[in-house]
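To keep things clear, I will list the structure first and then write my remarks on it.
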Protein chains: 2
Amino acid sequence: MKEIQTKILLGDSKDILKTIEDNSIDLIITSPPYADSRIKTYGGIHPNDYVKWFLPITKELLRVLKSTGTFILNIKEKVVNGERHIYVLNLIIEMRKQGWLWTEEFIWHKKNAYPGKWPNRFRDSWERLLQFNKSKKFKMYQEEVMVPMGDWAKDRLRHLSDRDKTRDNSKSGSGFGKNVSHWLKRDKVYPTNVLHLATECNYKNHSAAFPETLPEWFIKLFTLENDWVLDPFVGSGTTLFVAQRMRRNSIGIDIVPEYYEMVKKKINPIDNYLL
Amino acid sequence: MKEIQTKILLGDSKDILKTIEDNSIDLIITSPPYADSRIKTYGGIHPNDYVKWFLPITKELLRVLKSTGTFILNIKEKVVNGERHIYVLNLIIEMRKQGWLWTEEFIWHKKNAYPGKWPNRFRDSWERLLQFNKSKKFKMYQEEVMVPMGDWAKDRLRHLSDRDKTRDNSKSGSGFGKNVSHWLKRDKVYPTNVLHLATECNYKNHSAAFPETLPEWFIKLFTLENDWVLDPFVGSGTTLFVAQRMRRNSIGIDIVPEYYEMVKKKINPIDNYLL
DNA sequence: GTTCCGCATGAATCGATAG
DNA sequence: ACTATCGATTCATGCGGAA
């Protein structure tokens, strides 16, 4: 079994990405700092400057991605002056000019949206998961993310589903459901482009931008074991931990030293011990 | 009780809208012909020409809408050449230049999406419901669309923690300004901006763009009885029938004579009989 | 061992107030 | 007039301790 590498790099993605080889990454998945938010940690990019700030980074991402690879961008526009700002729309348009293909837009339906009440809007309970590709012939392993057909099917297959589950959700991450028999697969259906996930709402620990199930789903869908995953705004490290568990090589970048140190300690503690 | 008017007009919205008074409509809700589809009925607008085709119409819609009114646009971009086309993004950007405010984007999650399988994408099970306004001070009747609390409440006996009841009271110290009655004995909550509606399997109608629950929800949310509702691409007439049932005045426009005749027969048959 | 209940908290937004 | 700060509002979830 090949050794899995998990790297965390400290610095500005715009610069650090330059050290990564051309056409070397299979999946980029990230949740960049949202405009004008996380002011304390990232400095807060103004919505009007957001596209200009992000485009040099997407240019590098385009370079390091394999032609068969995929870029998943988790983003949502803020309300500015009572309106949804259009920086995400402009970003998509500009990225296409760079050469990206805007293949699909998944919806992340956040089941536990932030509370609040306003006279003119409801709680925002969804975010965009934009899929970009370098070519039309990207790799996609649809069978890996098939879901049980429905509750009636779940009941009917309870014993077998349990066995399947232990493989599928195994935290050790060695091959999910690869050994599941064909007839069992027939009771599963392909998912849609709407993902229903709750945000992780930690009681005491600081939380991540997205729940582990989110990168897990896309890593299953777009990569195989020993493939390379990249998160240029890795933050608290969710993408790296999931990739490592699932036996994918991964690179995380973050500009905040505190995140860098925290992630470094948490990745691959066994290897550290052995060394 | 005031008489409710339900009008159906035959012709091109671009022209017919000119016969409607300035600032006279409370809610516009429509599902325009999608680019490159409905070829037999609408002539099939090519995605590249879509914005240019639609903008003269949105200009008229801006004129006829009251300053307190709302425009709900149900739309979804097609896949062209393996990519999501950007005409919807461009449309939003251009409509803002016309003076529209892009207040919000609701998601219509279609629970029973059209089946199918493709090698490089999953079933598309959502559409955009873009909310545009003429001014920030539009009317919104949020209480009309409140929904039952989530399942978690059932398990937890709907008992609110003391801290939730007093969280803000203790901060302000006055214990006076807060409306505690909102929290006590409450069983309903405000919805979010994600709507879960099944598409109607309607064999009888030619082209049911959306299920009745969709216009119903927005009519409840944005209008009162005797207000005026407009659908410039009324198709099989769903918007008109719902508006009439809910005692809202309404105007529907369609360019297809068959739709016009069909809708005309179905609206207010009692009045027709009396005449 | 279960179930029940209290508590903290989260990629938020509006309107008023202050500089 | 324009920008920065602050208080008020609100619901689903996971953890931890109690019954």
Side-chain angles (χ1 to χ4, degrees), chain A residues 30-48 50 73-85 87-88 108-129 196-214 233-236 238 256 259, chain B residues 103-105 136-138 140 142-143 146-184 186-194:
Chain A
T30 198
S31 190
Y34 285 9
D36 208 17
S37 67
R38 289 195 189 180
I39 288 172
K40 285 169 192 167
T41 52
Y42 282 99
I45 305 102
H46 192 278
N48 296 343
Y50 197 83
L73 178 60
N74 171 217
I75 198 165
K76 180 67 189 259
E77 50 271 53
K78 276 184 75 81
V79 172
V80 176
N81 240 339
E83 266 191 291
R84 289 281 165 199
H85 201 280
Y87 58 84
V88 176
W108 172 19
H109 170 40
K110 297 188 286 186
K111 286 188 289 186
N112 55 345
Y114 195 93
K117 184 187 182 314
W118 309 277
N120 54 354
R121 71 180 61 246
F122 290 133
R123 290 176 301 143
D124 189 5
S125 71
W126 66 278
E127 292 188 17
R128 303 179 195 279
L129 291 162
H196 302 272
L197 303 172
T199 55
E200 274 166 8
C201 181
N202 287 331
Y203 182 59
K204 276 174 182 164
N205 297 335
H206 43 293
S207 63
F210 43 55
E212 295 202 351
T213 36
L214 189 51
F233 304 97
V234 77
S236 57
T238 309
V256 183
Y259 281 142
Chain B
T103 307
E104 180 58 306
E105 180 170 349
K136 282 181 221 170
K137 298 193 178 170
F138 55 90
M140 195 178 196
Q142 300 189 349
E143 287 72 24
M146 290 183 86
V147 294
M149 246 185 196
D151 289 340
W152 61 273
K154 261 181 271 169
D155 296 340
R156 300 188 179 211
L157 219 71
R158 282 196 234 137
H159 184 267
L160 297 157
S161 73
D162 288 338
R163 172 142 180 81
D164 263 342
K165 276 185 253 178
T166 59
R167 189 150 113 186
D168 296 302
N169 274 347
S170 57
K171 271 185 209 159
S172 66
S174 71
F176 186 59
K178 186 165 174 183
N179 191 353
V180 180
S181 64
H182 274 190
W183 278 99
L184 296 175
R186 179 211 283 244
D187 58 346
K188 291 197 165 188
V189 298
Y190 294 99
T192 70
N193 58 1
V194 177

remark   = On a heavy-atom basis, the closest approach of A/Asp124 and A/Lys76 is OD1-NZ, 2.8 Å
ask   = From D/dT9, D/dA12, C/dA12, pick the nucleotide closest to the side chain of B/Val189?
value = D/dA12
key: Side-chain donor/acceptor of A/Arg121 to backbone N/O of B/Thr103, under 3.5 Å   = yes
inquiry  = Just the rounded figure in Å: distance from P of C/dG15 to CZ of A/Arg121.
reply    = 10 Å
Length of the line joining A/Phe210:CZ and D/dT13:P, which is rounded to integer Å = 20 Å
key: Helical stems, DNA chain D - three or more consecutive Watson-Crick or G-U wobble pairs below 3.5 Å   = C:2-10 with D:11-19, C:12-19 with D:2-9
message = Looking at A/Trp126 and B/Thr192, would you say the former's side chain and the latter's main chain have a donor-acceptor pair under 3.5 Å?
response = no
request  = Mind checking the CZ-OH spacing from A/Phe233 to A/Tyr34? Nearest 0.5 Å is all I need.
outcome  = 12.0 Å
inquiry  = Nearest whole Å is fine: how far is D/dG14 P from A/Lys110 NZ?
reply    = 16 Å
ask   = Are any of A/Arg84's side-chain N or O atoms less than 4.0 Å away from OP1 or OP2 of C/dT13?
value = yes
query = Thinking salt bridges, do A/Glu77 and A/Arg128 make one under a 4.0 Å N-O criterion?
reply = yes
request  = Please state how far atom CD in A/Glu83 lies from atom P in C/dT13, giving the value in whole angstrom units.
outcome  = 13 Å
note = Taking C/dA12, D/dT9, C/dC14 as options, the one with an atom nearest any side-chain atom of A/Lys117 is D/dT9
request  = Give a yes or no answer on whether the side chain of B/Gln142 reaches the backbone of B/Tyr190 with a donor-acceptor pair at less than 3.5 Å.
outcome  = no
note = Between A/Lys111 and A/Trp118, the residue closer to the 5' end of DNA chain D by nearest nucleotide is A/Trp118
ask   = Quick one: on DNA chain C, does A/Gly82 or A/Asn112 contact a more 5' nucleotide (nearest heavy atom)?
value = A/Asn112
task = Among the candidates D/dT13, D/dC11, C/dT13, find the nucleotide nearest to the side-chain atoms of B/Tyr190.
result = D/dC11
inquiry  = In whole Å, I'd like the distance from the NZ atom of A/Lys76 to the P atom of C/dA12.
reply    = 12 Å
note = One should read off an interatomic distance between A/Ser125 OG and A/Lys111 NZ, to the nearest 0.5 angstrom, of 12.0 Å
task = Report the distance from atom CH2 of A/Trp126 to atom P of D/dC11, rounded to the nearest whole Å.
result = 21 Å
ask   = What's the CD-P distance between B/Glu104 and C/dA12, to the nearest Å?
value = 14 Å
query = Between A/Arg123 and C/dT13, is there a side-chain N or O to OP1/OP2 distance below 4.0 Å?
reply = no
note = Residue pair A/Pro115/A/Asn81 against DNA chain C: nearer the 5' end by closest nucleotide is A/Pro115
task = Could you check how far CD of A/Glu200 sits from C1' of C/dG10, rounded to whole Å?
result = 12 Å
